[in-house]
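Worksheet: the structure to be examined is printed underneath.
In what follows, chains carry the letters A, B, and so on, assigned in the order in which the sequence lines appear, proteins first and then strands, with residues in each chain numbered from 1. Just so it is clear, the values below take in all heavy atoms, side chains as well, and ignore hydrogens, waters and symmetry mates.
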Amino acid sequence: NAGVTQTPKFQVLKTGQSMTLQCAQDMNHEYMSWYRQDPGMGLRLIHYSVGAGITDQGEVPNGYNVSRSTTEDFPLRLLSAAPSQTSVYFCASSYPGTAGGEETQYFGPGTRLLVL
Amino acid sequence: AQSVTQLGSHVSVSEGALVLLRCNYSSSVPPYLFWYVQYPNQGLQLLLKYTSAATLVKGINGFEAEFKKSETSFHLTKPSAHMSDAAEYFCAVSDKGEGRDDKIIFGKGTRLHILP
C-alpha cells in the first residue's frame, strides 16, 4: 500500500492564482481530512469528509473548497490564493467514517505552499 | 468542547536522559487520547493512543504515556533519549460516546531537541 499520497510536494503561487492540492489514499478509508500546519499553531482542520459525497467544514475553511467524488481522492482547492494561505498542508485518512473515537489517522507527507 | 494544552513549545534533553513531554486535556466526556510524532519534512505518525483499556500505554520507539483522569493529563515519557528522537510531538484528543464529534483536536506541538 502506498498509504496517503499528496501532490505536489512544493508549490509557489502568486496572489489571486488558483490551484488544487491532490490527496489520495489506497486503504479504503472512509474518513479523509485536510489540515494546515503553521508555526506555533499546531494542526488546524480545514475540511473533512466522512465518505464519498459528504464533506463538512472544519476550524478554518475560508478560502478553501473540497469535494469527494470517490473514496480514494479528496482534493483541496484554493480559489484565489492569499499570502495568509502560505502553510504546510497535510491530508489524513482513517477508518471507518470518523476521526473521532479511537481511530488512528494516517497522514500524507505534506505539501508546502508559498503564496507571494 | 475538547481542547489540548501542551506545556512547552520546545524541550531540550541530553542524550540518555529522561524525556517528559506534558499534555493536559479538557473534554466533557471520557476521551480518547493520542500522541503523534512528526520528523522533519514528514507527516505525522501515531506513537501511541489511549482507548480506555490500561491507563499506562506503551508505544513505538520506547515511548509510553499514562492517562491520569484526576489530573486530566496524558504525559509522554521515555527513560533514555536518543538522538533519533529529535522531532515535534503532538498530543491529540477525541470524544467517545454520545455527543462525539467527527474530529480530533491537536495540541500546538512540542519540539524535542536532543543534546549530545
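- Tyr31(A) is not connected to Leu76(A) by any chain of hydrophobic side-chain contacts under 4.5 Å among Ile, Leu, Val, Met, Phe, Trp and Tyr, and they are in different clusters.
- For Tyr106(A), the OH atom is loosely surrounded, since the number of other residues' heavy atoms within 6.0 Å does not exceed 12.
- Here Leu46(B) contributes atom CG and Phe107(A) contributes atom CZ; the two are 9.5 Å apart, rounded to the nearest 0.5 Å.
- For a residue to count as touching a neighbouring chain, one of its non-hydrogen atoms must lie under 4.5 Å from one of that chain's; by this rule Glu59(A) does not touch chain B.
- The side-chain hydrogen bond (donor to acceptor under 3.5 Å, both in side chains) analysis of residues 68-84 of chain B, with sequence neighbours excluded, yields the pairs Lys78(B)-Asp85(B), His82(B)-Ser84(B).
- In this structure, Leu43(A) and Leu44(B) have side chains that are in contact, with non-hydrogen atoms separated by less than 4.5 Å.
- Residue contact with chain B, scored on non-hydrogen atoms closer than 4.5 Å, is absent for Arg44(A).
- Residues Leu113(A) and Val4(A) fall into different hydrophobic clusters, defined by Ile, Leu, Val, Met, Phe, Trp and Tyr side chains chained together at heavy-atom separations under 4.5 Å.
- Linking Ile, Leu, Val, Met, Phe, Trp and Tyr whenever their side-chain heavy atoms come within less than 4.5 Å puts Ile60(B) and Leu21(B) in one cluster.
- In the hydrophobic clustering of ILVMFWY residues, with side-chain heavy atoms under 4.5 Å counting as a link, Leu13(A) and Phe10(A) come out apart.
- Only the side chain of Glu88(B) comes within contact range of chain A, with heavy atoms under 4.5 Å apart.
- A 4.5 Å side-chain heavy-atom check between Gln37(A) and Phe90(B) finds at least one atom pair inside the cut-off.
- Residues Tyr48(A) and Ile104(B) are not in side-chain contact: their nearest non-hydrogen atoms beyond the backbone lie 4.5 Å or more apart.
- Between the OG1 atom in Thr104(A) and the CG atom in Leu47(B) there is a gap of 11.5 Å [rounded to 0.5 Å].
- Contact tally against chain B (heavy-atom pairs below 4.5 Å) for Gly110(A), Ala92(A), Gly40(A): the top residue is Gly40(A).
- Scanning both residues, Tyr36(B) and Gln105(A), for their nearest heavy atoms gives OH-N, 2.9 Å.
- Hydrophobic clustering (ILVMFWY, side-chain heavy atoms < 4.5 Å, transitive): Phe34(B) and Leu7(B) are in distinct clusters.
- Interface check for chain A: of the options Arg111(B), Gln42(B), Lys108(B), the most heavy-atom pairs under 4.5 Å are formed by Lys108(B).
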